[in-house]
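Worksheet for the structure shown next.
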Amino acid sequence: MIYLIFTHAAIAEAINDIIADKAILWINDDILSEQQSAQLAAANITVELLPKFVKPSDEKGVVTALELVEKQADKGAEILVEYN
């Protein structure tokens with residue numbers, strides 16, 4: 001399972017699920033707090049940074065980020081995407 005997260009609020013809401021699912025996390029740079037980073041590291045969660053900042057309300061940006069994640073993901077992986 002993969003989570004594609006763009007905002008502080010979404011990571012705060014999803015972090016426990018990400019850890020429980022042993023998911024891979026793709027995020028915008030600078031949205032994790034030090035505590036969240038440590039929590040994910042302790043749970044051995046892979047965190048990947050998106051190469052370009054994406055607003056969740058930017059449909060084209062979200063689709064572009066999703067395409068990038070799909071290219072990197074195992075075939076058939078479930079991807080949960082934050083979208084506003």
Path from [X] to [Y] over hydrophobic side-chain contacts below 4.5 Å:
X: W26; Y: Y3; value: no
X: I79; Y: I18; value: no
X: V62; Y: L80; value: no
X: I2; Y: I45; value: no
X: I15; Y: I27; value: yes

inquiry  = Can you tell me how far apart CG (L50) and CD (E48) are? Round to the nearest 0.5 Å.
reply    = 9.5 Å
note = When rounded to the nearest 0.5 Å, the distance separating CG of D17 from CE of M1 is 9.0 Å
S33: side chain to side chain donor-acceptor pair (under 3.5 Å) partners, not counting sequence neighbours =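 Q36.
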Check residues 6-13 and write down every donor-acceptor pair under 3.5 Å in which the side-chain atom is one partner and the other belongs to a residue at least two apart or another chain.
residue, atom, partner, partner atom, Å
T7, OG1, A10, N, 3.2
T7, OG1, E82, OE1, 3.3
T7, OG1, E82, OE2, 2.6
H8, ND1, I31, O, 2.9

Which pairs of donor and acceptor atoms, one on a side chain in residues 63-73, lie under 3.5 Å apart (sequence neighbours left out)?
residue, atom, partner, partner atom, Å
T64, OG1, K60, O, 2.9

ask   = Do you know which of L4, I5, N28 makes side-chain contact (heavy atoms from CB on, under 4.5 Å) with V54?
value =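 Result for side-chain contact (heavy atoms from CB on, under 4.5 Å) with V54: N28.
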ask   = Distance-only, no hydrogens or angles: does the D74 side chain make a donor-acceptor pair with backbone N or O of A77 under 3.5 Å?
value = no
key: Residue pair Q39 / N16, side-chain heavy-atom distance below 4.5 Å   = yes
